[in-house]
Number of protein chains: 2
Amino acid sequence: MATMTAAQKREQARTDYDAFLRACPTNQLLDRLSDKWVSLVLAALSTGPMRYSDLSRKIAGVSPKMLTQTLRALERDGLVTRTVTPSVPVRVDYELTELGGSLAQLMTAVKTWAETHFDEVHAAREQYDAENA
Amino acid sequence: MATMTAAQKREQARTDYDAFLRACPTNQLLDRLSDKWVSLVLAALSTGPMRYSDLSRKIAGVSPKMLTQTLRALERDGLVTRTVTPSVPVRVDYELTELGGSLAQLMTAVKTWAETHFDEVHAAREQYDAENA
DNA sequence: CGGCATCCAGTACGATACTG
DNA sequence: CAGTATCGTACTGGATGCCG
């Protein structure tokens, strides 16, 4: 069929557009950075290298699945290094790369902002909720 | 029933724990900040006030629903102001508050980081993918 | 124009159990 | 210890249509 319905055209346009968006550098990284676990892992590693089990303990409430997934993504992006020591039992250390460290500093700044302005945000929320009773 | 199965106890513990986590200031804001649309709205507004329709045009691919949802969340947190001009047709302007502006600066820093280091990340990805053929 | 309510599909995430 | 595999679901977010 060479002809397309309007709905199909829209669908096609949407698909093309999504592909375009995904190609955008900033959006690619934005997706990564706006992952909750990424921030937490970065923060956890910012104080130094950690083992897998250390991370799972330090990062409250993370499932093995998500932890592995997150670490793999960060490793792929060159933000952390994964070092396997083939002893018995196996030992795996994760450490921030220089690149990862620079990003972690930014995240720390954000965290600091959150801590500094939390009471202002909280107050704003209370007021907003009160006004919209 | 006063007694609980092990599964129920675990469930209970998980719920309590979630509640605890949600009470943590940093986590509350982390959830907000790790929202993709929040970053984009903040970025869009950092150059000045904008109308609803301007935002929906500038922020590529956002649905009305998410845009409204995001704006409401930001308004509630005192990060943006919503000004309604009761003309016909209605006109609604959104603008960053001072608080929102300070956060937007942080997000800009992150965006700058992304643009600066994108090629490094991209190179890391290619290498990683090549090694794991 | 600037929303809000409804419905629905995709998927991301957690829980669980098993392996080298 | 450090994961992988599988399954179920709850929630996210898009599409649509109606209102002030």
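Protein chains get the first letters and strands the later ones, always in sequence-line order, with residue 1 at the start of each. Remember, it's a predicted structure, so these values are computed and weren't measured experimentally.
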Worksheet entry | 4.5 Å side-chain heavy-atom contact, Lys111(B) and Glu115(B) |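 Yes, at least one pair of side-chain atoms sits under 4.5 Å.
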Discussion item. Go through it in stages, so that I can follow the logic: the residues are Thr70(A) and Leu74(A), the test is side chain to side chain contact (heavy atoms under 4.5 Å, CB included), and I'd like the CA-CA distance, side-chain angles, deciding distance and then a yes or no.
Written reply: CA-CA 6 Å; Thr70(A) 305; Leu74(A) 291 175; 4.2 Å; yes
Discussion item. Quick check on side-chain contact (heavy atoms from CB on, under 4.5 Å): which of Leu67(B), Ile59(B), Leu42(B) does Trp37(B) satisfy it with?
Written reply: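 Among Leu67(B), Ile59(B), Leu42(B), the one meeting side-chain contact (heavy atoms from CB on, under 4.5 Å) with Trp37(B) is Ile59(B).
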Worksheet item: Which of these passes side-chain contact (heavy atoms from CB on, under 4.5 Å) with Val110(B): Leu30(A), Leu33(A), Leu29(A)?
Response: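 When side-chain contact (heavy atoms from CB on, under 4.5 Å) is applied between Val110(B) and each of Leu30(A), Leu33(A), Leu29(A), only Leu33(A) qualifies.
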Interatomic distance, [X] [atom1] vs [N] [atom2] [rounded to whole Å]:
| X | N | atom1 | atom2 | result |
| --- | --- | --- | --- | --- |
| Asp35(B) | dG13(D) | CG | C1' | 11 Å |
| Ile59(A) | dG3(D) | CD1 | P | 13 Å |
| Met66(A) | dT11(C) | CE | P | 15 Å |
| Asp31(A) | dT12(D) | CG | C1' | 14 Å |
| Lys65(B) | dA5(C) | NZ | C1' | 9 Å |

Fill in: Tyr52(B) side chain to Pro64(B) backbone, donor-acceptor under 3.5 Å
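Checking the backbone N and O of Pro64(B) against the side chain of Tyr52(B), a donor-acceptor pair under 3.5 Å is found.
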Does [X] share a hydrophobic cluster with [Y], counting links as ILVMFWY side-chain heavy atoms below 4.5 Å and allowing steps through other members?
| X | Y | answer |
| --- | --- | --- |
| Val90(B) | Tyr94(B) | yes |
| Phe118(A) | Val38(B) | yes |
| Val84(A) | Val41(A) | yes |

Discussion item. Tell me which residues in residues 37-57 of chain A lie within less than 4.0 Å of DNA chain C, going by non-hydrogen atoms.
Written reply: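 Within residues 37-57 of chain A, the residues near DNA chain C are Trp37(A).
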Worksheet item: Considering only heavy atoms, which members of residues 67-95 of chain A lie under 4.0 Å from some atom of DNA chain D?
Response: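 Under 4.0 Å from DNA chain D: Thr68(A), Arg72(A), Arg82(A), Pro89(A), Val90(A), Arg91(A), Val92(A), Tyr94(A).
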Worksheet item: What nucleotide among dG14(C), dA15(D), dT4(D) has an atom nearest to a side-chain atom of Pro64(A)?
Response: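 Side chain of Pro64(A) sits closest to dT4(D).
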